[in-house]
Each structure stands twice: as structure tokens, then as C-alpha cells.
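Just below is one structure, and these are the notes that go with it.
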Amino acid sequence: MSKFQLPRRRFLTLGAAGFGSLLLGGCGDGLSESPDFESFLASAENLTYGSQRLLGGRRSLAREFSSTAVSPEFKVNGTHKPDGEEYAALVESHFADWRLRVDGLIMKPLALSLADLKAAPQRTQITRHDCVEGWSAIGKWQGPQLANVLNQAQLLPNARFVVFHCADKYEEASDGNGQYYESIDLIDAFHPQTILAHSLNDAPLTVGHGAPLRLRVERQLGYKQAKYLMRIEITDRLDKIARGKGGFWPDRGYEWYAGI
Ligand SMILES: Nc1nc2c(c(=O)[nH]1)N[C@H]1C(S)=C(S)[C@@H](COP(=O)(O)O)O[C@H]1N2
Ligand SMILES: [Mo]
């Protein structure tokens with residue numbers, strides 16, 4: 001056996017330690033509160049499964065950095081400012097009248113103000129944003145976990161995807177489907193690092209970076225990080241939205257699951 005190959009027993013121990021620190025590190029995240037995770041913890045037979053999911057699977061955390069690693073410049077990409085009077089009026093009033101609508105397959109439709117989102121438990125994370133165009137930047141994001149909002153809204157049993165509708169029309173598409181949007185499944189939606197960010201590097205989001213609110217879904221590429229959020233729709237299918245592939249760039253040939 002090569003010295004780099006950990007014996008199985010040791011791997012399991014590492015897995016358990018990683019899991020413990022994840023629970024301790026999470027600030028009231030949905031993962032540690034979810035009944036699934038508690039029953040899974042109670043069951044020793046599931047340890048191998050849990051180790052795999054957390055060390056290499058979709059529930060593992062994206063790398064987080066220290067504040068010294070924050071990039072001095074964070075490029076603005078895609079839309080720099082949504083067109084139209086509606087968005088201009090929101091900027092003018094410092095987003096006092098902006099509400100994040102949450103609707104679809106939920107029990108309680110919501111209309112959340114920025115103050116509501118800031119009053120919820122906050123998560124801060126310093127992560128690297130990777131754009132498919134070949135640039136990266138490290139930034140410090142803050143906002144409530146998406147899980148918190150979804151728990152308030154109370155998903156119906158048939159809920160499968162979360163769709164993010166944005167204020168900007170990125171393209172004047174001839175079929176009228178130029179509006180920017182994105183979507184994720186419930187595994188990513190309840191991931192502890194999936195947050196609705198209102199701040200970048202300790203300041204409110206600028207218009208360039210997606211004011212007043214954008215998605216951070218840290219295990220995926222830049223185009224999934226929807227800016228200018230206006231409405232979150234919970235649905236069981238993506239094929240009836242826009243061109244049916246679950247996002248503005250996925251509708252144009254990019255992967256819907258843009259994992260990194
Ligand atoms: N609403 C909206 N969200 C968007 C985009 C966009 O054009 N419109 N561009 C995406 C792409 S390709 C990237 S790399 C990031 C850029 O975010 P930034 O401008 O904060 O760097 O936002 C993503 N989210
Ligand atoms: Mo991007």
C-alpha cells in the first residue's frame with residue numbers, strides 16, 4: 001500500500017472529524033437543524049455514506065479564505081446596471097421599496113424587504129468566484145442562508161427547484177427570453193454556503209455587483225451567481241421557464257449544473 005493511501009479505518013475517522021467541525025462551524029445553518037441530518041447522525045451505519053457526501057459530495061463546503069486573501073479588485077461582469085425606469089427608481093430610493101417576492105410551490109408567499117433579510121441570522125463567507133471566461137476573484141459575502149427563507153416559505157412536498165428571477169434583460173432576444181434568470185436544486189438550495197448576499201467586502205452591494213441582493217451558490221461557477229434578485233420561484237419543473245434549460249446561460253448551451 002502506498003503511503004498516500006489511507007487505510008479505510010483512518011478515512012472513516014477523518015470523515016467523522018470533518019463532519020463534527022462542519023456542525024460546529026455552521027452558524028445556525030439549515031444542515032445541522034434538518035431532521036434528516038439528525039437521524040443520520042444517530043445512525044452509525046451511515047457514517048461511510050456521510051463521509052463521502054461531506055468530503056467529496058455535493059454537500060461538502062467550498063473553500064473559505066481568510067480576510068487577507070480578499071482580492072483588491074472584484075471585476076464586474078455581465079450586466080453592469082439593469083435598464084429601465086423601474087430599477088432606476090429602486091436605486092433612487094436606496095431600495096426602500098424593493099421586495100424579494102417568494103412564490104410557487106410553497107405554503108406562505110413572502111415579500112421580504114432588505115431589512116427583513118438583514119434581521120435574519122447572517123452568514124459571512126470569503127470565497128473564490130470563478131467565471132467561465134477565465135478570471136477569478138476572492139470576496140467576502142454576507143446575507144441570510146437561502147434555507148432560512150425557504151423554511152419561512154414552507155416548501156410543498158413536490159418542490160424540486162428554486163428559480164431566481166433577475167431585474168436585468170441581458171439580451172434583446174427575438175423570442176423575448178432575454179431576461180437573466182438562474183435555478184438550482186434543493187441540495188444546493190439548502191447547502192449552508194448558499195446565501196442571499198446583500199454585502200460584498202463589508203459594504204452594501206454596488207449596482208455593478210447586483211444590488212440590492214444576489215445569490216451565492218459557492219460550489220458552482222460565476223454565471224449561477226444571479227445578481228439583481230427580484231423574485232424567487234419554487235417549482236417542480238424548469239422546462240416551462242424561458243427556453244427551458246433552467247438559466248440564461250444554460251438556455252444558450254452552458255451546463256445547468258456548473259460545479260467547481
Ligand atoms: N442578473 C445577472 N446575474 C449575473 C450576470 C448577469 O449578467 N446578470 N452575470 C453572471 C456572470 S457570467 C458572472 S461571472 C457574475 C459576475 O458577478 P460580478 O459582476 O459581481 O463580478 O454574475 C453572474 N450573474
Ligand atoms: Mo461569468
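Counting convention: from 1, in listed order, for ligands and their atoms alike.
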When the side chains of residues 101-112 are checked against the rest of the protein, which donor-acceptor pairs come out under 3.5 Å, sequence neighbours left out?
{"from": "Asp103", "atom 1": "OD1", "to": "Arg231", "atom 2": "NE", "distance (Å)": "3.3"}
{"from": "Asp103", "atom 1": "OD1", "to": "Arg231", "atom 2": "NH2", "distance (Å)": "3.4"}
{"from": "Asp103", "atom 1": "OD2", "to": "Arg231", "atom 2": "NE", "distance (Å)": "2.9"}

Where does ligand 1 get N/O contacts under 3.5 Å from the protein, atom by atom?
{"from": "ligand 1", "atom 1": "1 (N)", "to": "Asp168", "atom 2": "OD1", "distance (Å)": "2.7"}
{"from": "ligand 1", "atom 1": "1 (N)", "to": "Asp168", "atom 2": "OD2", "distance (Å)": "3.3"}
{"from": "ligand 1", "atom 1": "1 (N)", "to": "Lys227", "atom 2": "O", "distance (Å)": "3.1"}
{"from": "ligand 1", "atom 1": "3 (N)", "to": "Lys227", "atom 2": "N", "distance (Å)": "3.0"}
{"from": "ligand 1", "atom 1": "7 (O)", "to": "Thr79", "atom 2": "N", "distance (Å)": "2.9"}
{"from": "ligand 1", "atom 1": "8 (N)", "to": "Asp168", "atom 2": "OD2", "distance (Å)": "2.8"}
{"from": "ligand 1", "atom 1": "17 (O)", "to": "Arg214", "atom 2": "NH2", "distance (Å)": "3.1"}
{"from": "ligand 1", "atom 1": "19 (O)", "to": "Asn77", "atom 2": "N", "distance (Å)": "2.8"}
{"from": "ligand 1", "atom 1": "19 (O)", "to": "Asn77", "atom 2": "O", "distance (Å)": "3.3"}
{"from": "ligand 1", "atom 1": "19 (O)", "to": "Lys227", "atom 2": "NZ", "distance (Å)": "2.6"}
{"from": "ligand 1", "atom 1": "20 (O)", "to": "His209", "atom 2": "ND1", "distance (Å)": "2.7"}
{"from": "ligand 1", "atom 1": "20 (O)", "to": "Arg214", "atom 2": "NH1", "distance (Å)": "2.7"}
{"from": "ligand 1", "atom 1": "21 (O)", "to": "Lys75", "atom 2": "O", "distance (Å)": "2.6"}
{"from": "ligand 1", "atom 1": "22 (O)", "to": "Arg214", "atom 2": "NH2", "distance (Å)": "3.3"}
{"from": "ligand 1", "atom 1": "24 (N)", "to": "Gln225", "atom 2": "O", "distance (Å)": "3.0"}

* Name all residues meeting the ring pair (Phe, Tyr, Trp, His ring centres under 6.0 Å) criterion together with Tyr228; count only those two or more places apart in sequence or in a different chain, and write none if there are none. => Tyr87
* Are Leu215 and Phe161 linked, directly or through other ILVMFWY residues, by side chains that come within less than 4.5 angstrom of each other? -> no
* Asked: Does the ring center of His198 lie less than 6.0 Å from the ring center of Trp141?
  -> no
For residues 72-82, which side-chain donor-acceptor pairs fall under 3.5 Å, sequence neighbours excluded?
{"from": "Asn77", "atom 1": "ND2", "to": "Glu133", "atom 2": "OE1", "distance (Å)": "3.3"}
{"from": "Thr79", "atom 1": "OG1", "to": "Asp168", "atom 2": "OD2", "distance (Å)": "2.5"}
{"from": "His80", "atom 1": "ND1", "to": "Gly78", "atom 2": "O", "distance (Å)": "2.9"}

* Asked: Has Arg252 got its NZ or CZ under 6.0 Å from the middle of the six-membered ring of Tyr254, at an angle within 45 degrees of the ring axis?
  -> no
